[in-house]
Amino acid sequence: MAVRREREARARQPVLLVLRALGLGDLLTAVPSLRALAAASRGHRVVLAAPRALAPLAMHTGAVDAVVDAAPLAPLRIGPLRPDVAVNLHGRGPQSHRMLLATRPRRLIAFSHPDVPESAGGATWRADEHEVARWCRLLAGAGIASDPADLELAPPAVRPPQDARGATLLHPGAKDAARRWPAERWAAVARAELRAGRSVLLTGDQREAELAHDVARRAGLPARAVVAGRTDLLGLAAAVADAERVVCGDTGVAHLATALRTPSVVLFGPVAPACWGPPADRPWHRALWKGRVGDPHATAPDAGLLEIGVDEVVAALADLPEKRASLRAVRAGSGA
């Protein structure tokens, strides 16, 4: 009876609808803004429109009350929900603005766009700012304070892969070929880590399992070292939390390493780390970049990414502090 009353009370709460129908890294860079919205909207139910696969991690952030499945720029199907406030953390508009306006919110928080009169008075879009700072600035323009450093997550309460503890976690995949370093180079890094006496774990989603097994074969790793395709999103997060260090491209796993305070080496190609990289004030992350920009959705590895050599990655790994040092630094910074 009490549970039913609680559900009924929640159903009567006004809804704050947030659009972020993108990928893993996009979700994690929006965490400070989502938490700020939740804190500023007491009495509202915060509903995130995002891909269904991200729902477990979105709920784990503690910033949202519910997730509705959404695809980029597709009409929102939110059933009987009628948002009191709609917040566009998806893009600059006009398409995403109109998606939210179609739900008939009382108020829209979004970047201003000349084709959408309802967005007048919103913050002005800037192309060259960090993704975390962008959405915090949008909220600041709407009178909502946020902390761009509020990125951390607690490790999820799920069992990590068996061999994750203390391992070097390599994530060779990326959604777009432009961000994929060659498999033979990942294998060379894996062999270097093995020579240094460290275990190696290869991660990825189902689509990246073949690549991960290819890297493992080239490196002489056993099949059990590949967990790609064998974990869900919370399982992947648990692996990152349990690992000693992470090496990956400019992908969502890089943002998991930031959120879970795991030292990392991140290989950037067509996009600058100043826009998507780990926080510059956290010395347990290393962003490798050759200063080029290009098409992040190209069908071949970016030329700048290919300029990053195996020796450079191995040297960056050797220079990483131990994970316990990064945890101490975080706790000291938080006053804990």
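- The closest side-chain heavy-atom distance from Leu101 to Val116 is below 4.5 Å.
- Within a 6.0 Å sphere centred on CD of Glu184, other residues, nucleotides and ligands contribute more than 12 heavy atoms.
- Within the model, atoms CG of Leu19 and CD1 of Ile109 stand 13.5 Å from one another, a figure rounded to the nearest 0.5 Å.
- Cluster annotation: Leu306 is not connected to Ile308 through the hydrophobic network of ILVMFWY side chains, with a link wherever side-chain heavy atoms come within less than 4.5 Å.
- Checked by atom type and distance alone, the side chain of Ser146 never pairs as donor or acceptor with a backbone atom of Pro32 at under 3.5 Å.
- The side-chain heavy atoms of Leu37 and His44, taken from C-beta on, include no pair separated by under 4.5 Å.
- For the pair Leu194/Leu221, a side-chain contact is recorded, criterion being any heavy-atom separation below 4.5 Å from C-beta on.
- Closest approach of Ala36 to Ala145, counting heavy atoms only: CB-O, 3.4 Å.
- A side-chain N or O of Thr262 and one of Lys323 form a donor-acceptor pair less than 3.5 Å apart.
- Closest heavy-atom contact between Ala58 and Leu48: CB-CD2, 3.8 Å.
- Of the possible polar contacts, none joining the Asp214 side chain to the Arg217 backbone as a donor-acceptor pair under 3.5 Å is found.
- The CG atom of Asp69 sits 13.0 Å away from the CD1 atom of Ile78 when rounded to the nearest 0.5 Å.
- Within 6.0 Å of CZ in Arg82 there are more than 12 heavy atoms belonging to other residues, nucleotides or ligands.
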Item to check | Worked check of side chain to side chain contact (heavy atoms under 4.5 Å, CB included) between Val87 and Leu139 | outcome: CA-CA 9 Å; Val87 184; Leu139 298 189; 4.2 Å; yes
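- The CG atom of Leu27 sits 7.0 Å away from the CG atom of Leu34 when rounded to the nearest 0.5 Å.
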Item to check | Verdict with supporting geometry, Leu81 and Thr103, side chain to side chain contact (heavy atoms under 4.5 Å, CB included) | outcome: CA-CA 8 Å; Leu81 289 179; Thr103 68; over 6 Å; no
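- What you find for Ala287 and Phe268 is that their closest heavy atoms are CB-CE1, 3.9 Å.
- Asn88 places none of its side-chain heavy atoms less than 4.5 Å from the side chain of Leu138.
- A distance-only check finds no donor-acceptor pair linking the side chain of His255 to the backbone of Leu151 [under 3.5 Å].
- Counting heavy atoms from C-beta on, the side chains of Val246 and Thr203 never come closer than 4.5 Å.
- The CG atom of Asp26 lies 6.5 Å from the CD atom of Glu131; values are rounded to the nearest 0.5 Å.
- At least one side-chain heavy atom of Pro172 sits under 4.5 Å from a side-chain heavy atom of Leu202.
- At distances below 3.5 Å, not a single donor-acceptor pair connects side-chain atoms of Arg286 with backbone N or O atoms of Val313.
- The main-chain N or O of Gly269 is found under 3.5 Å from a side-chain atom of Trp289 such that the two form a donor-acceptor pair.
- Ser41 places no side-chain N or O within 3.5 Å of a backbone atom of Ala38 that could act as its donor or acceptor partner.
- The hydrophobic clustering, which links ILVMFWY residues whose side-chain heavy atoms are closer than 4.5 Å, places Val132 and Leu256 apart.
- Atom CD of Glu118 is separated from atom CG of Leu108 by 7.5 Å, given to the nearest 0.5 angstrom.
- Going from atom CG of Leu233 over to atom NE2 of His60 covers 10.0 Å, rounded to the nearest 0.5 Å.
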Next on the checklist: Quick one, Asp84 with Leu16, criterion side chain to side chain contact (heavy atoms under 4.5 Å, CB included). Give me CA distance, side-chain angles, the key distance, then yes/no.
Outcome noted: CA-CA 6 Å; Asp84 180 51; Leu16 186 148; over 6 Å; no
Checklist entry - Between Glu244 and Arg198, does a salt bridge (Lys or Arg N to Asp or Glu O under 4.0 Å) hold up when you go through it step by step? => result CA-CA 9 Å; Glu244 175 66 22; Arg198 290 186 279 265; over 6 Å; no
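- Side-chain polar atoms of Arg282 and Ser264 form no donor-acceptor pair below 3.5 angstrom.
- With His97 contributing its side chain and Phe111 its backbone, the two residues share a donor-acceptor pair below 3.5 Å.
- Annotation: side chain of Thr251 is not in contact with side chain of Lys175 (no heavy-atom distance under 4.5 Å).
- Cluster membership check: Val15 does not share its hydrophobic cluster with Val46, using side-chain heavy-atom separations under 4.5 Å among Ile, Leu, Val, Met, Phe, Trp and Tyr.
- Among all heavy-atom pairs drawn from Pro105 and Leu100, the shortest one is CD-O, 3.4 Å.
- Leu267 and Trp181 make their closest contact through CD2-CD2, 3.4 Å (heavy atoms, listed as atom of the first residue, atom of the second, distance).
- The main-chain N or O of Asp150 is found under 3.5 Å from a side-chain atom of Arg35 such that the two form a donor-acceptor pair.
- Looking only at distances, no side-chain donor or acceptor of Asp176 sits under 3.5 Å from a matching main-chain atom of Ala178.
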Next on the checklist: With salt bridge (Lys or Arg N to Asp or Glu O under 4.0 Å) as the criterion, how do Asp250 and Arg179 come out once you've worked through the C-alpha distance, each side chain's angles and the decisive distance to 0.1 Å?
Outcome noted: CA-CA 6 Å; Asp250 174 20; Arg179 304 171 193 245; 2.7 Å; yes
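- Hydrophobic clustering (ILVMFWY, side-chain heavy atoms < 4.5 Å, transitive): Val189 and Val266 are in distinct clusters.
- Formation of a donor-acceptor pair under 3.5 Å by the Arg261 side chain with backbone atoms of Leu153 is found in this model.
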Checklist entry - Would Arg20 and Thr29 count as a side chain to side chain contact (heavy atoms under 4.5 Å, CB included) if you check the C-alpha gap in whole Å, the side-chain angles of each, and the deciding distance to 0.1 Å? => result CA-CA 11 Å; Arg20 187 74 168 164; Thr29 54; 3.1 Å; yes
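- The shortest non-hydrogen separation linking His171 to Gly204 is CE1-CA, 3.5 Å.
- Taking the ring axis of Trp125 as reference, the NZ or CZ atom of Arg134 stays within 45° of it and closer than 6.0 Å to the ring centre.
- No chain of hydrophobic side-chain contacts below 4.5 Å, direct or via other Ile, Leu, Val, Met, Phe, Trp or Tyr residues, connects Val67 to Leu76.
- Considering only heavy atoms from C-beta on, Met99 comes within 4.5 Å of Leu73 through its side chain.
- Looking at Arg224 and Asp163, a side-chain N of the basic residue comes within less than 4.0 Å of a carboxylate O on the acidic one, giving a salt bridge.
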